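Keep in mind that this is a model prediction, so the values were computed, not measured.
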Amino acid sequence: MTALSPELVSDVSAFRDAVLNPEDDLGLPSAMRWRLAARIAGWLGDEDLAAAYRRVCATNEDAVFISKELQKNLEEAIIAYANKVTNHLKSVSREDIDELVLAGLNTPQVVALSELFAFVNFECRLRMGLDAMHG
């Protein structure tokens, strides 16, 4: 992203830090966030970005995907929602949000995940557009 204006690069970096390493993780640890980001980048075909996200996961002491307080069904619900938002956005509905809440997330956690998914999708698509322009 060095071809972008320094202000945009700075803003993107700040937003990345805010969604992947927030001061208050709301019970959604950074290791989980980085792993989700790697999955999303992989689904979108950006293997370089996915690998960069995975490298951060590998150096993170908190190697679990999700905090121990969150159950397996919640992990599956989060991954399914991330996939739907990334690959089938037009089919996302209120029921999808309700499923996350029923699985155990609270409203701030749903918002935090939505911000994370939006950012990674933005970053991947920005990189795709830049690659196409310079291709």
What distance separates [X] [atom1] from [Y] [atom2], expressed to the nearest 0.5 Å?
X: Arg39; Y: Phe117; atom1: CZ; atom2: CZ; value: 10.5 Å
X: Glu99; Y: Ile78; atom1: CD; atom2: CD1; value: 12.5 Å
X: Leu36; Y: Leu113; atom1: CG; atom2: CG; value: 7.0 Å
X: Tyr53; Y: Ile40; atom1: OH; atom2: CD1; value: 8.5 Å
X: Asp48; Y: Asp131; atom1: CG; atom2: CG; value: 8.5 Å
X: Leu44; Y: Arg127; atom1: CG; atom2: CZ; value: 11.5 Å

Hydrophobic clustering (ILVMFWY, side-chain heavy atoms < 4.5 Å, transitive) - are [Y] and [X] grouped together?
X: Leu105; Y: Leu102; result: no
X: Leu74; Y: Leu26; result: no
X: Met128; Y: Val12; result: yes
X: Phe15; Y: Leu126; result: yes
X: Val111; Y: Phe122; result: no

What's the shortest heavy-atom distance between [X] and [Y], and which atoms?
X: Gly104; Y: Gln109; result: O-OE1, 4.0 Å
X: Ala41; Y: Val120; result: N-CG1, 4.2 Å
X: Ala77; Y: Leu100; result: O-CD2, 3.7 Å
X: Leu20; Y: Ser30; result: O-OG, 2.9 Å

Without placing hydrogens or testing angles, list every side-chain donor-acceptor pair under 3.5 Å for residues 79-86, not counting sequence neighbours.
{"from": "Asn83", "atom 1": "OD1", "to": "Asn87", "atom 2": "ND2", "distance (Å)": "2.4"}
{"from": "Lys84", "atom 1": "NZ", "to": "Ser91", "atom 2": "O", "distance (Å)": "3.4"}
{"from": "Lys84", "atom 1": "NZ", "to": "Asp96", "atom 2": "OD1", "distance (Å)": "3.0"}
{"from": "Lys84", "atom 1": "NZ", "to": "Asp96", "atom 2": "OD2", "distance (Å)": "3.1"}
{"from": "Thr86", "atom 1": "OG1", "to": "Ala82", "atom 2": "O", "distance (Å)": "2.8"}
{"from": "Thr86", "atom 1": "OG1", "to": "Asn121", "atom 2": "ND2", "distance (Å)": "3.2"}

Exercise. Taking Arg33 for the side chain and Asn21 for the main chain, is one N or O donor matched with an acceptor at less than 3.5 Å?
Worked result: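 No: the side chain of Arg33 does not pair with the backbone of Asn21.
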